2 protein chains.
Amino acid sequence: MITQLLKDKRLRLTSFRKEVLQVFMDNDKAIAVSDIEDALNDFDRITLYRTIKSFIEKGLIHEIVMPGDVKKLALCAVDCNHEEGVHDHSHIHFQCKICKEVFCVDVPSLPNIDLPGYQIDEVEIQVHGVCEKCK
Amino acid sequence: MITQLLKDKRLRLTSFRKEVLQVFMDNDKAIAVSDIEDALNDFDRITLYRTIKSFIEKGLIHEIVMPGDVKKLALCAVDCNHEEGVHDHSHIHFQCKICKEVFCVDVPSLPNIDLPGYQIDEVEIQVHGVCEKCK
DNA sequence: TCATATTTGCAATATTGTTGCATTTATATA
DNA sequence: TATATAAATGCAACAATATTGCAAATATGA
C-alpha cells in the first residue's frame with residue numbers, strides 16, 4: 001500500500017520515507033511538520049524537510065497554509081494529476097475556528113471562477129467555520 | 001488620507017505607521033515583509049512585525065499565503081467589516097506562475113459554497129494562472 | 001553482484017518571528 | 001496648553017522554521 005504509493009510516484013523506497021508516509025496515512029486531517037516530528041521516534045530534521053520537499057514535488061502531498069496558522073500538509077488525492085506545480089484536487093480546505101484543525105473536504109465539483117484578462121490554471125478554496133465535531 | 005485610514009481603525013498616528021502604510025499604498029499588489037524592509041531606510045525589525053500585527057488585528061491589511069511562497073500582505077478593502085478575525089472581502093487572490101506576483105482581484109460576488117455538516121463563516125479563493133501582463 | 005545515482009546524517013548557517021523591559025511618544029482631558 | 005497615562009518603540013535575547021555543502025550509506029537497474 002505505502003510501498004506502492006511511493007513506487008507510483010517514482011520515489012525510492014527508504015524506511016524513513018515509509019515511516020513519514022505512514023504518519024500521513026494515520027491522520028484524516030492536515031498535519032504540521034511538528035506533528036510529524038512528534039510521531040517519529042528518532043529522526044534527522046534535515047532529512048525530514050527534504051522528504052517533505054520531494055513528496056510535494058512528486059505530488060504525493062500538498063501544502064495548506066491558512067492565514068495566522070503554521071503550514072500544514074496533507075495527502076493528495078490518488079487521481080491528482082500533479083504537473084508543473086499545479087495540483088488537481090476536487091476538495092476544499094476547511095479550518096475550524098474552534099479546534100483549529102484543517103481538513104480536506106471532498107466536493108462534487110469546484111465552482112467555476114472567471115476573471116476577465118487572466119488565464120486560470122488552478123483554483124483553491126479555503127473555508128473557515130465550525131466543523132461537525134465542534135458544532 | 002493615510003492619517004484618516006489609521007484614525008478610522010483606531011490606531012495611533014506614529015510616523016513609522018504612516019511610513020509602513022505608505023508602502024502598502026504605493027503597491028497595487030500583495031507584498032512580503034522583506035519588500036517593506038527594502039522600501040524603508042532605517043527601521044527596527046521588531047517594531048515592523050508589531051506594526052504588521054496591529055494592522056492585521058485592526059483590519060487594515062490581511063495575510064495571503066500561497067503554497068510554496070512566502071507570506072504576503074495586502075490592504076483590506078475599505079468596507080471590510082473585520083470582526084473576530086474574519087474578513088469580508090469580495091475579491092480573490094491570484095498568483096501568476098510567471099512573475100510570481102500576488103494580486104487581490106475584485107469580483108462581483110464570491111461563489112456560494114455548501115458543505116453539509118459544516119458551518120461556513122468565511123470563504124477565501126486562491127487562483128493560480130497567468131496574469132494580464134505575462135500572457 | 002556491482003556500478004551509480006540517490007538519499008541520509010551532520011555541521012553550520014539563514015530566515016522568520018517573538019518576548020521582556022526600559023524609554024519615548026501620542027492622545028485625551030483638565 | 002500642560003500633563004497624566006496608556007500605547008508604541010527600540011534593544012537584547014531567543015525561539016521556530018528552513019536551507020546548503022559534503023561525506024557516508026543505501027536503493028535500484030543492469
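All values derive from a computational prediction rather than experimental measurement. Just so it is clear, the values below take in all heavy atoms, side chains as well, and ignore hydrogens, waters and symmetry mates. Protein chains get the first letters and strands the later ones, always in sequence-line order, with residue 1 at the start of each.
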Closest to the side chain of Val70(B), out of dT28(D), dT17(D), dT16(C), is dT16(C)
Check the distance between dA8(D)'s C1' and Ile52(B)'s CD1 and give it to me in whole angstrom.
-> 15 Å
Between dG17(C) atom P and Arg50(B) atom CZ, what is the distance in whole Å?
-> 15 Å
Measure up the Phe43(A) and Phe16(A) rings against each other and bin them: parallel (under 30°), tilted (30 to 60°), perpendicular (over 60°).
-> parallel
Let me know the distance between CG of Asp44(A) and P of dA18(D), rounded to the nearest Å.
-> 15 Å
If you look at every strand shown and take non-hydrogen atoms under 4.0 Å, does Arg45(B) touch a base, only sugar-phosphate, or nothing?
-> base
Options dT19(D), dG10(D), dT9(D), nucleotide nearest the side-chain atoms of Arg17(B) = dT9(D)
Is a salt bridge present between Arg45(A) and Glu37(A), judged by a nitrogen-to-oxygen distance below 4.0 Å?
-> yes
Touch class at under 4.0 angstrom, heavy-atom based, for Lys53(B) against every strand present | sugar-phosphate
Closest to side chain of Arg12(B), choosing from dT16(C), dA26(C), dG21(D) | dA26(C)
Ranking Lys71(B) and Ser15(B) by the position along DNA chain C of their nearest nucleotide, the one closer to 5' is Lys71(B)
Taking atom P of dT17(D) as reference, at what distance in whole Å does atom CD of Glu63(A) sit?
-> 14 Å
Could you state the CD1-C1' distance from Ile46(B) to dC11(D), rounded to the nearest angstrom?
-> 7 Å
In whole angstroms, the gap separating C1' of dA8(D) from CG of Leu6(B) amounts to 13 Å
Hey, would you say the His128(B) and His93(B) ring centroids sit under 6.0 Å apart?
-> no
Aromatic contact, Phe94(B) with Tyr118(A) (centres under 6.0 Å) | yes
Could you tell me the separation between the OH atom of Tyr49(A) and the P atom of dT8(C), rounded to a whole number of Å?
-> 16 Å
Whole-Å gap separating C1' (dT28(D)) and NZ (Lys9(A)) | 20 Å
Hey, are Lys97(A) and Asp121(B) close enough for a salt bridge, meaning a charged N less than 4.0 Å from a carboxylate O?
-> yes
Give Thr14(A) one of three labels, base, sugar-phosphate or nothing, depending on what nucleic acid heavy atoms sit under 4.0 Å from its own.
-> sugar-phosphate
